[in-house]
Colleague: 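This is the structure I have questions about; it appears just below.
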Amino acid sequence: MSTALQMTAFGLTLLSTLFLLLATCTDCWMVNADDSLEVSHKCRGLWRECVTNMQDGVRTCDQYDSILADHPVKIVVTRTLMITADLLAGLALAALVLGLDCIKFLKEDPCVKLKMCYGAGAILSIGSIMGLVGSVWYAVDVYIERAMLVSHNIFLGVHYDFGWSCWLGMAGSTGCFMASLLLTCCLH
C-alpha cells in the first residue's frame with residue numbers, strides 16, 4: 001500500500017510541478033473576452049503581452065521593460081509567489097524521488113526514507129499555498145478590474161478574463177496540495 005501511495009504522490013507531484021512551471025513561463029494569464037468579431041487574440045502574462053492575428057496566425061509579443069521596472073502589484077506579487085512555488089515544488093520532487101521505496105538510495109535506513117517523504121509533503125504544502133495564493137490573487141485582481149470598469153460604464157475597447165495560464169497555476173497548486181496530503185496524512 002505504501003509503495004502505491006508513494007508512486008501516486010510522485011506522479012501527481014511531477015505533473016503538478018510541470019503545470020506550475022508552465023503557468024509561470026507562459027503568457028496567457030489574461031485573455032481578451034470581447035465578442036467573436038475580434039480580428040486578434042490578446043494575452044497578457046507575467047513576463048510579456050502577446051497578440052495573435054486570427055486571420056493569418058502571426059503572433060507578436062512585447063516583453064515588459066525590465067524585471068526591476070515599475071509593474072502593477074498583481075504582476076510583481078504573482079511572479080514572486082509562482083517562482084517560489086516552482087522552486088519549492090522542484091525541491092519537494094527531488095526529496096520525494098530520494099525517499100521513494102523503489103530507489104536504492106538509503107535502502108538500509110527506511111526511517112530516513114519515510115522522513116524524506118514527509119519532508120517532501122511539508123515542502124509541497126507550502127509550495128501549493130504559494131502557488132494557489134499567486135494564481136487566485138491574479139484572478140481576483142482581473143475580476144475586480146473588470147467589475148470596476150463595468151460598474152462605471154467604462155468600455156476601453158477590450159476587457160480581459162482569466163487565461164489558461166492562470167487556470168494551469170491553480171491546477172498545479174491544487175495537485176501539489178493533494179500530493180502533500182497523500183505524503184503527510186496517508187503514508188503512515
Side-chain angles (χ1 to χ4, degrees), residues 1-31 43-48 67 71-144 161-188:
M1 178 75 168
S2 173
T3 304
L5 281 175
Q6 284 181 351
M7 295 311 288
T8 303
F10 172 74
L12 192 55
T13 302
L14 182 63
L15 184 65
S16 300
T17 302
L18 289 174
F19 280 4
L20 283 174
L21 286 170
L22 281 173
T24 305
C25 297
T26 54
D27 54 5
C28 206
W29 280 74
M30 291 171 59
V31 63
C43 281
R44 286 186 186 171
L46 302 177
W47 312 102
R48 60 188 177 172
I67 291 177
H71 294 293
V73 174
K74 73 178 171 189
I75 289 180
V76 174
V77 169
T78 305
R79 279 181 183 173
T80 304
L81 290 170
M82 292 304 291
I83 289 171
T84 305
D86 293 343
L87 292 173
L88 288 173
L91 178 65
L93 185 63
L96 181 58
V97 165
L98 294 176
L100 291 174
D101 288 338
C102 59
I103 302 295
K104 292 187 182 199
F105 180 74
L106 293 173
K107 194 69 167 177
E108 64 279 349
D109 200 356
C111 229
V112 172
K113 290 178 86 66
L114 187 62
K115 287 180 184 178
M116 289 180 83
C117 286
Y118 285 143
I123 294 169
L124 269 178
S125 67
I126 295 168
S128 70
I129 291 169
M130 297 275 200
L132 200 57
V133 167
S135 300
V136 171
W137 167 281
Y138 197 92
V140 166
D141 198 60
V142 169
Y143 177 77
I144 289 173
D161 271 340
F162 315 132
W164 59 270
S165 297
C166 188
W167 292 111
L168 203 59
M170 289 182 202
S173 300
T174 304
C176 283
F177 188 72
M178 291 172 59
S180 129
L181 286 177
L182 279 176
L183 290 170
T184 55
C185 299
C186 303
L187 198 56
H188 191 63

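Both backbone and side-chain heavy atoms feed into the values below; hydrogens, waters and symmetry mates do not.
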Colleague: Determine all donor-acceptor pairs shorter than 3.5 Å in which one atom belongs to a side chain in residues 8-28; sequence neighbours excluded.
Modeller:
unit_1	atom_1	unit_2	atom_2	d
Thr8	OG1	Ala4	O	2.8
Thr13	OG1	Ala9	O	2.6
Ser16	OG	Leu12	O	2.7
Ser16	OG	Cys176	N	3.3
Thr17	OG1	Thr13	O	2.7
Thr24	OG1	Leu20	O	2.9
Thr24	OG1	Asp86	OD1	3.4
Thr24	OG1	Asp86	OD2	2.8
Thr26	OG1	Leu22	O	2.7
Thr26	OG1	Ser165	OG	2.5
Asp27	OD1	Arg59	NH2	2.8
Asp27	OD2	Arg48	NE	3.0
Asp27	OD2	Arg48	NH2	3.3
Asp27	OD2	Arg59	NH2	2.6

Colleague: Please identify each residue that fulfils side chain to side chain donor-acceptor pair (under 3.5 Å) with Lys113, with sequence neighbours left out.
Modeller: none
Colleague: The criterion is side chain to side chain contact (heavy atoms under 4.5 Å, CB included); which residues satisfy it with Thr174, sequence neighbours excluded?
Modeller: Leu132, Met178
Colleague: If you count every heavy atom of other residues, nucleotides or ligands that lies below 6.0 Å from Met130 atom CE, does the total exceed 12?
Modeller: no
Colleague: Can you name the residues that form a side chain to side chain contact (heavy atoms under 4.5 Å, CB included) with Leu98, not counting sequence neighbours?
Modeller: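 Leu98 satisfies side chain to side chain contact (heavy atoms under 4.5 Å, CB included) with Phe105, Met116 once adjacent residues are dropped.
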Colleague: Could you tell me which residues satisfy ring-ring contact (aromatic ring centres under 6.0 Å, His included) with Trp137, sequence neighbours excluded, listed by chain and number?
Modeller: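 Not a single residue meets the ring-ring contact (aromatic ring centres under 6.0 Å, His included) criterion with Trp137.
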Colleague: Which pairs count as ring pair (Phe, Tyr, Trp, His ring centres under 6.0 Å) when at least one residue sits in residues 162-186, sequence neighbours excluded?
Modeller: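 As it turns out, the ring pair (Phe, Tyr, Trp, His ring centres under 6.0 Å) pairs with a partner in residues 162-186, which skip direct neighbours, are Phe162-Trp167.
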Colleague: Which heavy atom of Ser135 sits nearest a heavy atom of Cys166, and at what distance?
Modeller: O-SG, 3.6 Å
Colleague: Would you give the length of the straight line joining atom CH2 of Trp29 to atom CE of Met82, rounded to the nearest 0.5 angstrom?
Modeller: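 With rounding to 0.5 Å, CH2 (Trp29) is 4.0 Å from CE (Met82).
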Colleague: Can you name the closest pair of heavy atoms from Ile75 and Gly45 and give their distance?
Modeller: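 Taking every non-hydrogen atom into account, CD1-O, 4.3 Å.
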Colleague: Please round to the nearest 0.5 Å and tell me the distance separating atom CZ of Arg44 and atom NZ of Lys74.
Modeller: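 Arg44 CZ to Lys74 NZ: 6.5 Å, rounded to 0.5 Å.
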Colleague: Walk me through whether Cys185 and Leu181 qualify under side chain to side chain contact (heavy atoms under 4.5 Å, CB included).
Modeller: CA-CA 5 Å; Cys185 299; Leu181 286 177; 4.1 Å; yes
Colleague: Which heavy-atom pair separates Met30 from Val142 by the least distance, and what is that distance?
Modeller: CG-CG2, 3.4 Å
Colleague: Can you tell me how far the OG atom of Ser180 sits from the OH atom of Tyr118, to the nearest 0.5 Å?
Modeller: 12.5 Å
